[in-house]
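Please read the structure below before turning to the comments.
Note that the coordinates shown come from a computational prediction; the quantities given were computed from them, not determined experimentally.
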Amino acid sequence: MTVTARGPLPPEPYDVAIVGAGVVGCATARALARHPRLRVALVEAQDDVGQGTSKANTAILHTGFDATPGSLEARLVREGARALAAYAAESGIPVEPVGALLVAWDEEQLAALPRLAEKAERNEYHATRIMGADEAYAHEPHLGPGALGALHVPGESIVCPWTTTLAYATQAVRHGVHLHLDSPVHRVSRQNDTHVLATSRGTLRARWLVNTAGLHADTLDRQLGHHDFTVTPRRGQLIVYDKLARGLVRHILLPVPTSLGKGVLVAPTVHGNVLLGPTAEDLDDKHATGSTADGLALLREKGRRILPELLDEEVTAVYAGLRAATEHDDYKIAAHPGQAYVTVGGIRSTGLTASLAIAAHVTGLLTDSGLDPGPARELEPVRMPNIGDAFPRPYQRHELIAGDPEYGTLVCHCERVSRGEIRDALASTIPPRTLDGLRRRTRARAGRCQGFSCGAAVRALFEEARA
């Protein structure tokens, strides 16, 4: 197992280097790890996997019912949804099939529901159903006044995005992939049939290159002479409401979509909270992940119509993520065989759902372009710690506590996180390098007090493990 965040990079070339350890990059590394003959590097600019768009999204496992029929995105979302649902069950990733309601608030939106149902059929999703206002309120009693009807999409689910990315990366590293953290790629060039990546930690070489750099995928693409797309960061701000709000909503509540995306939604999370968001703000700055007063006011305005009582609940957190929007309506995934290079660009909010299918597609493009991956093997399964509220947590498992009392000693009371869970995370295959990384793995400091009560104890455990 190799995870590096300091020291020199190895001088010998890898067979494949993947730039960007978001959910798609980690899924691709996992797919290539099935081929033991390949020497694979996963190169990440930040100090952990899943640090960009992958950690700041609406955490929905989509059916793809409303994708553009016939597009690459539609196919990969459809295939990826099935693959991720199966993988989650195997790996212990929290998933809840809560379903979704597309709520119509005016006659124009109501008239659009049959077209959306027909679109779902063209996307091979056959379970949608239009319901009238009375049935919509029976399904969601706390909906705001004035809803005229809804399209029910029972297959939409909520999922933990952090555990998903970490599971892929963990499985990849355990099967020989080298994960290089804190290694931003400043420049890439091609010399003597080898890609040369200049990073802040030195030079890394690889015969084949996969660009999963997310918001920076167009920059890397241009360095290799391609101008196929431009990433315009689309900021999505979200409000996280306290667990006490969870009883207000049963489904993912979606608006009728527009050209800018799915719009502002209300959704439960697998961690027991309720999300309101996101905004859709096209920006120039690929680092503008701050929340704004105007953005949060807009969300509250939208939320007041969808679920008025939600606005009376306590806010646990706000956050913002940047989606890698481009001028194209579809994913921009392309092979350049002459350069031994594959671009994976324009992967927006559906990338989490499509990640395993994207990885399979990229692997196919590599082999079609001339990479000989050698024989394949089955990967040893991983079993991730559960941080979802719908499944038994360690503090609830008496047999686990009987074998190790640390699982019964709570450190973070808001999120019911035990010393045993924190200890395990700090000793894991890809341990957190920061307190925020520990929070994503365990939920410690993510509750209503935001670490006010447990912060000192969590920090002490973190520093002791890193001493």
NZ/NE/NH1/NH2 to OD/OE distance under 4.0 Å, [X] and [Y]:
{"X": "R440", "Y": "D48", "answer": "yes"}
{"X": "R441", "Y": "E421", "answer": "no"}
{"X": "R78", "Y": "E124", "answer": "yes"}
{"X": "D218", "Y": "K286", "answer": "yes"}

[X] side-chain N/O to [Y] backbone N/O, donor-acceptor pair under 3.5 Å:
{"X": "Y125", "Y": "G155", "result": "yes"}
{"X": "D330", "Y": "L72", "result": "yes"}
{"X": "Y241", "Y": "A317", "result": "no"}
{"X": "R393", "Y": "R416", "result": "yes"}
{"X": "N211", "Y": "A217", "result": "yes"}
{"X": "S91", "Y": "A88", "result": "no"}
{"X": "H175", "Y": "E380", "result": "yes"}
{"X": "T212", "Y": "G20", "result": "yes"}
{"X": "R348", "Y": "D329", "result": "yes"}
{"X": "Q237", "Y": "G277", "result": "no"}

Worksheet, complete the sentence: side chain to side chain donor-acceptor pair (under 3.5 Å) test vs K243 passes for just one of H271, E415, E313, E314, namely E415
Fill in: Option passing side chain to side chain donor-acceptor pair (under 3.5 Å) with Y407 (candidates Q396, R423, E399)
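One option only clears the test, and that one is R423.
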Is the count of non-hydrogen atoms from other residues, nucleotides or ligands lying under 6.0 Å from [X] atom [atom1] greater than 12?
{"X": "H398", "atom1": "NE2", "result": "no"}
{"X": "R377", "atom1": "CZ", "result": "yes"}
{"X": "F391", "atom1": "CZ", "result": "yes"}
{"X": "D134", "atom1": "CG", "result": "no"}
{"X": "D284", "atom1": "CG", "result": "no"}

Fill in: Test log, rule side chain to side chain contact (heavy atoms under 4.5 Å, CB included), inputs T363 and R34
CA-CA 11 Å; T363 303; R34 296 183 62 247; over 6 Å; no
How close do [X] and [Y] get, counting heavy atoms only, and between which atoms?
{"X": "S71", "Y": "T68", "value": "OG-O, 2.7 Å"}
{"X": "P308", "Y": "L143", "value": "CD-C, 4.2 Å"}
{"X": "T164", "Y": "I93", "value": "OG1-CG2, 3.4 Å"}
{"X": "N57", "Y": "L275", "value": "O-CD1, 4.4 Å"}
{"X": "N123", "Y": "F65", "value": "ND2-O, 3.2 Å"}
{"X": "L215", "Y": "V231", "value": "O-CG1, 3.5 Å"}

What is the distance from atom [atom1] of [X] to atom [atom2] of [Y], rounded to the nearest 0.5 Å?
{"X": "L116", "Y": "I130", "atom1": "CG", "atom2": "CD1", "answer": "8.5 Å"}
{"X": "E156", "Y": "H62", "atom1": "CD", "atom2": "NE2", "answer": "6.5 Å"}
{"X": "I358", "Y": "L365", "atom1": "CD1", "atom2": "CG", "answer": "11.5 Å"}
{"X": "D436", "Y": "Q51", "atom1": "CG", "atom2": "CD", "answer": "7.5 Å"}
{"X": "Q109", "Y": "L151", "atom1": "CD", "atom2": "CG", "answer": "12.5 Å"}
{"X": "D228", "Y": "H328", "atom1": "CG", "atom2": "NE2", "answer": "7.0 Å"}

Discussion item. Could you walk me through whether I347 and I333 satisfy the side chain to side chain contact (heavy atoms under 4.5 Å, CB included) test, starting with their C-alpha distance in whole Å, then the side-chain angles of each, then the deciding distance to 0.1 Å, before giving a yes or no?
Written reply: CA-CA 9 Å; I347 310 301; I333 303 177; 4.2 Å; yes
On the 0 to 90° scale, with breaks at 30° and 60°, tag the [X]-[Y] ring pair as parallel, tilted or perpendicular.
{"X": "Y87", "Y": "Y168", "result": "tilted"}
{"X": "H287", "Y": "H216", "result": "tilted"}
{"X": "H336", "Y": "Y341", "result": "parallel"}

Item to complete: Would you please test I306 and V103 for side chain to side chain contact (heavy atoms under 4.5 Å, CB included) and show each step?
Response: CA-CA 9 Å; I306 301 167; V103 182; over 6 Å; no
Fill in: Side chains of T350 and R323, donor plus acceptor under 3.5 Å
no
Discussion item. Is there a side chain to side chain contact (heavy atoms under 4.5 Å, CB included) between R75 and H361? Walk through the geometry before answering.
Written reply: CA-CA 11 Å; R75 177 172 70 82; H361 183 63; 3.5 Å; yes
